[in-house]
Amino acid sequence: MMLMRGNAACPGCPIPREIDALLEVTGQKTVLVVPASCTSVIMGDTNGMPSSVPVVHSAFAAAPAIASGIKAALNSKKEDATVVVWAGDGGTGDIGLASLSGAAERNEDIMYLCYDNEAYMNTGVQRSGLTPYGAWTTTTPEGKRERKKPIPQIVAEHGVPYVATASIAYIFDYQAKVKKAKEIQGFRYIHLLSPCPPGWRFDSSLTIRIAKLAVETGIWPLYEIEKGKFRLTSLSKTLIDKSKRKPVLEYLKLQGRFSKMTSEEVKKLQNEVDEFWEEIQKID
Amino acid sequence: MQVESKVIKGLVGNHAVAYAVKQAKPQVLAVYPITPQTTMLEKLSEYVESGELKAKMIRVESEHSALAAVYGAALAGSRVFTATASQGLLYMTEMIYWAGGQRVPIVAAVATRAIASPWSILDDHHDFVSKRDAIWIQLMAENVQEAYDLTIQAFKISEDKRVLLPVMMGFDGFILTHTLEKVELLPDNVVDAFIPPRDFNLIDFSDPLGIGQVASPEDYIYYRYEAQRSMERSREVITEVERDYEDITGRKYGLIDCYMCDDAEYIIVSMGAWSGDARVAVQKEREKGIRAGLLKVRTFRPFPKDEVKQIVGKSRGVVVFDRSVSYGSGGVLANEVKSASYGLDVPIHSVIAGLGGKDVRPLHMEKVLDDLALNQLEDERWLL
Ligand SMILES: Cc1ncc(C[n+]2csc(CCOP(=O)(O)OP(=O)(O)O)c2C)c(N)n1
Ligand code: SF4
Ligand SMILES: [Mg+2]
C-alpha cells in the first residue's frame, strides 16, 4: 500500500486504487507529477500527504514539461527513477495537449498516465474534449453533441515506443502494462478509463462493474501499441466477434449521465462501436 | 583579488549572456525562440551541441513549457536557465508564479520588448515590470558588460540559502541584445570559484515531499510572509555578492547606481539601457550650469526603497523616465519612486517615453531636465 487510506477521494472513486496499483509496480523510486485535477486534492495538503513517493504538483497545462525537467535533472545526477505524469483527461487532452505532444515528440523518457473520467470533475463535472457523445455534464445539460477526442491514437501517431489503454476492472492487465512501460526507454503512455460516481451519476458501489461493462461492450477496448505494433489485450482479445460483445446499452443505462440519450442515439453509438471494431479487426 | 588575465571581446548582448550562462554551468536549459532573445538560444544550442556546455537542452514547444521544464529540473537539483521576451514572458506567466511561489532558484534572462497588440518587436519594459509581484528578484542591466556581469551574479544570488528565489535579468531588446560592445570576460575558473556548486534539491526518495500541494489558509499566508522576508534578506545578499564581484572585477554595482548625485538638485531616474543616454544628458546639463544627477535603478525587485528615498530627499526635483505604464495609474517606475519617497516634500514628475521602440535621445532628456529646472514640467509628460 503506497497510497494511504483516508485520502480525500469520493466514495467509490477509483483513483486511489489506480495510483496504488501503479506504484506497486514502479516502486519507491517514482516521482509523480500531478497537474490540477481531482488528484491534486486527493494527494493531501500542507497538513500531510497520503503518498509514499515524492509528488510534484503542477500548473494545469505544465505536467509533461515539468516531468521532462525532473527527468533531465535526475539523469544529470545519474539517479535512476521513474518519472510519471498522473493527469486527468482535461489536463491531458485539452489544456495540456501541447505540452503532452511536445514531450511525446521529443520522446522524453517519462511515463504518462491519463486517468480519464471523461470530464472536468475537480471543478464540478464540466465537459472536456474527452467527454463522450450524449453525456450530460453541467456545461452540456442536454448531453454533449460532439464526439470524444481520440487521445491514445493521437499520442500513438507521434511514434512513441509504447501506448496502451487500461481499466481498473482489469487490474492485472493494467499492472502488466505499467510493468512493460517501466522497462521501456522513451515516452510511454497509458490511458485509463476511470469511472467517477458523482460525475457519471451512478451509485458508488458500481465503479468496477461499470469499468468492466465499458470493456465488455467494446466501448473501451484494451490494447497496447508497442513500437507501432497494435495488439488487443485481456478480455478485449475475445471481443472481435460482435456476438461476444454486450450491447452498449448495458453500459449506458447504469449511468445517469446518459439518461437523455434517445434510442436513436443509442443505436447510432452501437453502430459506431461496431464500426470501430471492424477497423480494429483490420489492424489487429 | 582582482583578476589579472583579462579577456576582452566584442560581443552582442545575447552572446555575452549566453557566454555567462555557459560559464555558470547549468545542467538543464529550456528556451523557446522569440525576438529579440532568439540569437541567445542559438548560441546556447551551439555550446550544447559542441559539448562546450555539458547541459541538457530541452527543446520545448512553448515558453510555458520552457519554464515548466526548468522548474522541474530545479526542484530535482539542477542549476537551470531560461530566457524569453514579451509575449513569451506573458505566456510563461503562470509558471513564473509557480517558480516564485515555490521559491525555486532559477535564472531567466528577459530581452525586454513591447507587448502586443499592436505587434511590436522593439523595446520597452512592459514585459519585465509586469512580473513585479511574482516573487522574483528582478535585475536590469544598462549595457552589455552589465548584462554579462549580472547573469553571473544572478546564479549566486538565486541559490544563496538566505535567498532561494528565482532571478530575472532584464536587458533591453535590440538596444543591448543586438549591439556589439566591448565586454571583459572572466576566466572560467574564476566563475567556478565565484558560484559554488548548487546545493538545493527537493526530490528525495527517502523523505518524499508533496511540492506545491494545497495549502491551508494559515500555511498559505505564511508561505507568502516567508517570501517577503526572503526578498528583504536578499538586499543584503545582493549587496554582498556585488561587493565580492567588485573585488574580482573592479566593477562596482549595487541596488542602485548614482551618477553625479552628490550635489545634484535635479535627479533623473531611469532603469536599463537608456541610463547611458541619461548620463550624457546629465553631463550636458552640468555644462549649462544645471546641477543634474542620475539615479539608476538596477534592482527593481527588491525595490531599493531606502536608497531611492535618500537620494530623492536631497534633491529639489525628480523626473522618472518610464518605458512602461500602469494604465489608469502612471509610469510604473515613477509610482515606485513616489511610494519610496513617501513623506518627502520633493516634486516627482513622470515621463513616459520609448514605448514600442520609440527613439529617445539624450537631447530629449536634456529638454525635460531643462523644464524641470525651470519648474515647467507637468506631473506626467509623454514624449510622443
Ligand atoms: C489554467 C487553469 N485553468 C483552469 C483551472 C481550473 N481547473 C482545475 S482542475 C480542472 C479540471 C481538471 O479536469 P481533469 O484534467 O479532467 O481532471 P479531473 O478533475 O477530472 O480529475 C480545472 C478546469 C486551473 N487550475 N488552471
Ligand atoms: S469527483 Fe470523481 S474522479 Fe473526482 S474524486 Fe470524486 S469520484 Fe474521484
Ligand atoms: Mg477528468
Side-chain angles (χ1 to χ4, degrees), chain A residues 2 8 27-36 39-77 79-81 83 85 95-106 108 110, chain B residues 26-30 32 54-80 82 91-99 101-102 104 106 198 201-220 222-223:
Chain A
M2 299 186 67
Q28 198 64 47
K29 292 204 88 180
T30 304
V31 185
L32 290 177
V33 184
V34 178
T39 311
S40 317
V41 179
I42 294 171
M43 280 301 177
D45 59 19
T46 43
N47 292 313
M49 66 162 182
S51 163
S52 60
V53 302
V55 180
V56 175
H57 293 266
S58 152
F60 201 10
I66 291 179
S68 305
I70 293 172
K71 186 65 190 178
L74 293 173
N75 278 347
S76 87
K77 292 192 283 191
E79 181 149 16
D80 191 27
V83 181
V85 174
I95 200 167
L97 187 57
S99 182
L100 165 65
S101 171
E105 182 264 339
R106 297 191 302 273
E108 293 287 346
I110 59 178
Chain B
Q27 286 93 28
V28 179
L29 314 168
Y32 192 78
K54 288 183 186 46
K56 165 87 176 169
M57 169 75 83
I58 304 181
R59 294 167 197 282
V60 285
E61 77 300 330
S62 75
E63 288 89 354
H64 196 279
S65 287
L67 188 54
V70 297
Y71 171 74
L75 290 176
S78 283
R79 178 170 292 158
V80 301
T82 187
Y91 206 63
M92 267 184 192
T93 302
E94 190 187 26
M95 288 312 303
I96 293 272
Y97 278 80
W98 271 84
Q102 204 51 234
V104 181
I106 291 172
R198 184 183 176 102
N201 173 37
L202 294 181
I203 309 277
D204 181 349
F205 297 98
S206 57
D207 180 20
L209 294 174
I211 299 163
Q213 77 280 56
V214 180
S216 65
E218 292 73 23
D219 288 335
Y220 188 94
Y222 189 71
Y223 268 54

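Lettering follows sequence order; numbering is per chain, from 1.
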Within this structure, what is the [atom1]-[atom2] distance for the pair [X] and [Y], rounded to the nearest 0.5 Å?
{"X": "Ile66(A)", "Y": "Ile211(B)", "atom1": "CD1", "atom2": "CD1", "value": "10.0 Å"}
{"X": "Lys56(B)", "Y": "Ser68(A)", "atom1": "NZ", "atom2": "OG", "value": "8.5 Å"}
{"X": "Gln28(A)", "Y": "Ser206(B)", "atom1": "CD", "atom2": "OG", "value": "9.0 Å"}

Pairs of heavy atoms under 4.5 Å with chain B: top-ranked of [options]:
{"options": "Leu74(A), Asp45(A), Val83(A), Asn75(A)", "answer": "Asp45(A)"}
{"options": "Ala59(A), Ser76(A), Ala72(A)", "answer": "Ala59(A)"}
{"options": "Ser40(A), Pro64(A), Ala65(A), Ser58(A)", "answer": "Ala65(A)"}
{"options": "Met43(A), Lys77(A), Lys71(A)", "answer": "Lys77(A)"}

Practice task
For Phe205(B) and Thr30(A), run side-chain contact (heavy atoms from CB on, under 4.5 Å): C-alpha distance rounded to whole Å, both residues' side-chain angles, the deciding distance at 0.1 Å, then the answer.
Solution key: CA-CA 8 Å; Phe205(B) 297 98; Thr30(A) 304; 5.7 Å; no
Contact origin within [X] toward chain A - heavy atom pairs under 4.5 Å:
{"X": "Ala215(B)", "value": "both"}
{"X": "Tyr223(B)", "value": "side chain"}
{"X": "Ser62(B)", "value": "neither"}
{"X": "Asp204(B)", "value": "backbone"}

Considering all heavy atoms of both residues, which atom of [X] and which atom of [Y] are nearest to each other, and what is their separation?
{"X": "Leu209(B)", "Y": "Met49(A)", "result": "C-CE, 3.4 Å"}
{"X": "Met95(B)", "Y": "Ala62(A)", "result": "SD-CB, 3.7 Å"}
{"X": "Ala76(B)", "Y": "Ala73(A)", "result": "CB-CB, 3.6 Å"}
{"X": "Ile203(B)", "Y": "Pro54(A)", "result": "CG2-CG, 4.2 Å"}
{"X": "Gly44(A)", "Y": "Gln213(B)", "result": "O-CB, 4.0 Å"}
{"X": "Gly212(B)", "Y": "His57(A)", "result": "O-CB, 3.5 Å"}

Handout entry: Val60(B) side chain near Arg106(A) side chain, heavy-atom distance below 4.5 Å
Key = yes
Handout entry: Heavy-atom check, side chain of Val56(A) versus side chain of Leu202(B), under 4.5 Å
Key =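 Counting from C-beta outward, Val56(A) and Leu202(B) never come under 4.5 Å.
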At a heavy-atom separation under 4.5 Å, does [X] approach chain B through its side chain, its backbone, both, or neither?
{"X": "Lys29(A)", "result": "both"}
{"X": "Val53(A)", "result": "backbone"}
{"X": "Ala63(A)", "result": "neither"}

Problem - Proximity of residues 95-104 of chain A to chain B, residues having a non-hydrogen atom under 4.5 angstrom - result: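 Interface residues of residues 95-104 of chain A: Ala98(A), Ser99(A), Gly102(A).
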Exercise for the section: Could you tell me which of Lys54(B), His64(B), Gln27(B), Gln102(B) has the largest number of non-hydrogen atom pairs under 4.5 Å with chain A? Expected result: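 Winner by heavy-atom pair count: His64(B).
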Handout entry: Flag if over 12 foreign heavy atoms under 6.0 Å of CZ, Phe60(A)
Key =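 Enclosed: over 12 neighbouring heavy atoms sit under 6.0 Å from CZ of Phe60(A).
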